[in-house]
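Single-structure report; data block below.
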Amino acid sequence: MDTTTVYKPGKGLTDRKLSYCPGCTHGIIHKLVGEVLEEKNLIDNAIGVASVGCSVMSYEFFNCDMHQAAHGRAPAVATGAKRVREDKTVFTYQGDGDLASIGLAEIVHAAHRGENITVIFVNNAIYGMTGGQMAPTTLIGQKTTTSPFGREKAQAGEPLRISELLATVPGATYLERVSVHDPKHVKKAKKAIEKAFEVQEKKQGFSLIEFISTCPVQWGIQPYEATRWAVDNMIPYFPLGVFKDARGGETDE
Amino acid sequence: MNDSERLVIAGFGGQGVMLMGQILAQAATNENLETVWIPSYGPESRGGTANCFVTISKTEINAPVVTQSDTLIAMNQPSLEKFESKVKTGGRVLVNASLVKDHTFREDIEVFNIPVNDIALELGNLKVANMIMLGAYIGASKVFKPEALETVFKQKFTGNKAKLLDLNKQALLRGMKEVS
Amino acid sequence: MAKVLMKGNEAMALAAIKGGCDAFFGYPITPQNELPEYLSKHMKENGRVFVQAESEVAAINMVYGAGGSGARVLTSSSSPGIALKQEGISYLAGSEVPCVIINVMRGGPGLGGIQPAQSDYMQITRGGGNGDYHTLAFAPENLQETVDIIKESFTLADEYRNPVMIAADGLLGQMMEPVDLERSSNVKEAPLKPWAATGESGKRGHRNKIVSLFLDPNDLEDHNLKLQKKYNRMIDEQQRFEMIHTEDAEIVFVAYGSMARIARSAIETLREKGIKVGMIRPISIWPFPEKAFENLPKSVHTLLTLEMSLGQMIEDVKIVNQGRYKLDFFGRTGGVVPEPEEIVEKVLAMKEGAN
C-alpha cells in the first residue's frame with residue numbers, strides 16, 4: 001500500500017516523548033518553538049534555558065544545547081549565556097509561577113537591560129507541577145489548592161498581567177500575548193514566535209511571547225472544557241495582542 | 001628609620017588623610033620597602049572622622065593594623081583624643097595646631113605643633129594643609145627624603161592634576177622647614 | 001616585574017583578568033565594591049564581559065549561564081551577599097560548572113556590619129546550599145598570596161569543573177600592599193570544554209545539557225558518587241598549608257587569613273619571651289589541611305585555634321585532633337580586628353592556668 005507522508009516531526013525537538021498531560025498546550029507551544037528554530041536555521045546554534053515547573057524537563061525536548069535553571073532564574077542564566085555567546089540564539093521557556101512570581105525581578109531586569117534574548121512565557125493561571133496552587137496569574141474567584149474558596153482580591157490581590165507590566169519597561173523591544181486554542185490562533189502564535197526570534201537575530205533586544213495556556217488536570221475539568229474556559233475567562237482578563245513593538249523600521253500589519 | 005615605622009594618620013573626612021598615607025606607602029613601594037596601608041571605611045569616611053594606618057618596614061609586615069604607633073599625625077582634636085594613647089613611649093605626635101588648642105599632651109612623647117591650616121592659607125590653598133604636615137613628618141622622622149615624595153607626587157598628580165605639582169612641592173618643603 | 005602598590009579589591013580584580021576571567025557578574029556590597037568598580041572599566045577595555053546584576057541571586061545565575069556556556073567567570077560579594085548566592089552555588093556544583101567566587105567577608109549574622117571578619121567559615125566550607133557538595137576554598141593572608149591564588153583559581157575551577165571560593169575579608173579588600181601581578185602562578189589557558197552548552201550542537205553533532213536534575217533516585221545517587229570521587233581527589237591534591245615555627249612548639253596556633261597574619265606578630269613577641277609557640281596556617285580551608293596535623297613534634301601539647309569569629313574552624317580542628325592534644329580557642333567577632341597583644345595575653349593566661 002502506498003503511503004503519503006502528511007506530517008513528520010521536525011528536528012527542532014528531540015525524539016523524547018513529552019511529559020505533559022493530555023489537553024495541556026505545552027506540547028503545541030514546544031512544537032511551534034521547535035518549528036521556528038528549525039525553519040529559521042537557528043536550532044544548531046541555539047542555547048535554551050529550561051525553568052522550574054511543568055516545563056522543567058524542556059531541556060530534554062528542545063533539540064539544542066540547554067541549561068536547566070533554578071526556579072525563576074532563567075532570564076539571569078540566559079543573560080550569562082548570551083553575554084559570552086553573543087552570536088548564538090538564546091531563549092528561555094518559563095511558566096507563570098516561575099516567571100511571574102519567584103522570577104519577577106529577573107524577568108523585569110533582563111527586559112530592563114534590553115538583553116538580546118527571547119522569552120517564551122506560558123501562562124496557565126496556576127502552579128501545575130506542584131499540585132495546583134494559586135499563581136500570581138490566577139483569576140479572581142478561581143479555586144486552587146491554596147485558594148480553596150476562590151481567589152479573593154482582598155486576600156491575594158488581583159492577577160498580574162506580565163505583558164502589560166513589561167510594556168512599561170523601557171528596555172523591552174517586542175511583547176505579544178497569543179493563544180493556541182484553535183488553528184487560526186496557533187498560526188498567529190507561530191508568527192509571533194518568528195517575530196520574537198527575528199528581533200534577536202537583528203540584535204534589537206528583549207522579546208517575550210506570552211501564551212494563554214491550559215491546565216485541565218489542576219483546573220479539574222476536561223481538556224475540551226479547559227480550552228473553552230481559557231477563552232471565556234482568561235482572554236477577557238489577559239487580552240491578546242502586541243503590547244510593545246519598538247523594533248523600529250518597518251512593522252507588519 | 002628603624003627597621004619599621006608604624007603610623008596612624010587621622011582627621012576629618014576631606015582633610016586628605018587617606019592620601020597622606022597612600023603617598024607614604026607609594027614612596028615605600030618605590031624604594032622596595034615593605035608597606036601596608038589600611039583605611040577606616042564605611043559611613044564615618046563620608047564627612048566624619050577618617051583615619052588610616054601605614055606601616056613601612058625593611059622586613060615582612062605581620063599584623064597589618066597599627067595598634068601601637070611610632071607616629072601619630074592628628075589633623076584635628078578628636079583624632080588626637082582617639083589615638084594619643086596608642087602612641088608608643090618615645091613616639092612622636094604631629095598635631096595640626098590650627099585646630100588643636102590647649103591640649104595637655106602625654107609627657108613621654110615628642111610633640112610637634114604645626115599650624116598647617118594657617119600655613120596653607122598663607123600659601124593660598126587650604127587643601128595643601130595635608131602636604132605641609134607630610135613635610136613636617138618627613139622632616140621630623142627622616143623616613144624619606146623630600147625627593148622620594150616628589151617622585152610620588154609626579155606619579156599621583158598627572159593629567160589635569162599636574163598643575164598642582166608645584167604647589168604641593170612647595171607645601172612639602174614648607175612643612176619640613178617648620179620642624180628644622 | 002616590579003611590585004605595584006594596589007588596593008586589595010583592585011588587585012583581586014586585576015588578578016582575575018590575569019587569570020583569564022572572561023566575564024564578571026556582581027552586585028554592590030561593602031567592603032568589596034572597588035572590585036566590580038575596577039572591573040567595570042577594565043573588563044570592557046580588555047573586550048570582556050561585565051554586568052552589574054539586579055541582585056546577588058541574579059548575578060550567581062548569570063555566572064551559571066556564562067560558565068555553563070564555556071566561559072571563565074567571576075563573581076564577588078561579601079558575607080550576606082554570599083548567603084544569597086548559595087542557591088546558585090549549589091546548582092553550579094551540582095551541574096559541575098566551573099567559576100570563581102570571591103568573598104570579602106564582614107561581620108554577621110544578618111546584615112551584621114561592614115568591618116573585617118571571618119564569619120563565613122561554615123558558609124564556605126559546609127556549603128550554604130542544598131545537597132552533598134563542596135567548593136574548593138582558599139584563604140590567603142596577604143595581597144600577594146591573594147593575587148597568586150585568584151590567578152590560579154580559574155585554572156583549578158576548570159580542572160575540577162567546580163566552583164572555587166576565595167575567602168578574603170574586609171582587611172584584605174581595603175588594604176594597600178605592594179604586589180607583583182606577574183609572579184608565576186599555576187595559570188593555564190582555558191581548556192577545551194566539550195561538555196559546555198556553547199550553542200554548537202550542530203557542529204558538535206550532539207546536544208549538551210547543563211543540568212542538576214535527576215528524578216530517578218538511583219541516577220541521582222550515581223551522580224553524587226561521581227561528584228564525591230572528585231571531592232576526594234581534591235582532598236588528596238589540594239590541601240594547602242604553611243607550618244610556622246612548629247618544629248619545637250609546645251602550643252600550636254591554628255589560624256588562617258588575616259588572623260594568621262596577626263598571629264605571626266604574637267608568635268614573635270612570645271618567642272622573644274622564650275615561649276615556644278608555632279602555627280599551622282591553613283591556606284585551603286576546604287579541603288581542610290588534615291595533613292598538617294599528622295607529624296607534629298612531641299613537644300606539642302595544645303592547639304590554640306584563633307579566628308575572627310566565635311569558633312567555626314575549631315570544629316574542623318576538633319575533628320582532625322581526635323582527642324590527641326588539648327584544645328583552646330581565642331576569637332574576636334563582629335568586625336573587631338584583634339591586636340597581637342590579645343593573643344599574647346591569651347597564651348600567657350594559658351601558661352598561668354597550666355602552672
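In what follows, chains are A, B, ... by sequence order, proteins preceding strands, each numbered from 1.
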Proximity breakdown for [X] and chain A, heavy-atom pairs closer than 4.5 Å:
X      : value
C:A23  : side chain
C:Y64  : both
C:D22  : neither
C:V49  : side chain
C:A59  : neither
C:F24  : neither
C:E87  : side chain
C:T198 : both
C:R48  : neither
C:I60  : neither

Most contacts with chain A, counted as non-hydrogen pairs under 4.5 angstrom, among C:V57, C:V51, C:V97, C:I210: C:I210

For chain A, the option from C:G202, C:A71, C:G199 that forms the most heavy-atom pairs under 4.5 Å: C:G199

Step-by-step side chain to side chain donor-acceptor pair (under 3.5 Å) determination, A:H67 to C:S69: CA-CA 9 Å; A:H67 293 265; C:S69 291; 3.1 Å; yes

Partner chain C: residue of A:V108, A:N63, A:D87 with the largest heavy-atom pair count (under 4.5 Å): A:N63

Spacing of NE2 belonging to A:H109 relative to CD belonging to C:Q52, to within rounding of 0.5 Å: 10.5 Å

Rounded distance [0.5 Å steps], OG in C:S55 versus CZ in A:R73: 7.0 Å

Heavy-atom distance under 4.5 Å to chain C: side chain of [X], backbone, both or neither?
X     : result
A:R83 : both
A:A70 : both
A:T89 : neither
A:H71 : backbone

Can you confirm whether [X] is buried at [atom1], in the sense that more than 12 heavy atoms of other residues, nucleotides or ligands lie under 6.0 Å from that atom?
X      : atom1 : value
A:E86  : CD    : no
C:N130 : CG    : no
C:E189 : CD    : no
C:L225 : CG    : yes
A:K40  : NZ    : yes

Closest contact, heavy atoms only, C:V211 versus A:Q68: CG2-CB, 4.0 Å

Smallest separation among heavy atoms of C:A58 and A:A76, with atom names: O-CB, 3.5 Å

Exam field: side chain C:N208 to backbone A:D65, donor-acceptor pair closer than 3.5 Å: no

Backbone N/O of C:A197 and side chain of A:R85: donor-acceptor pair under 3.5 Å: no

Beyond-backbone contact of C:L213 with A:M57, side-chain heavy atoms, under 4.5 angstrom: yes

Ion pair check, A:R113 and C:E54, cut-off under 4.0 Å: yes

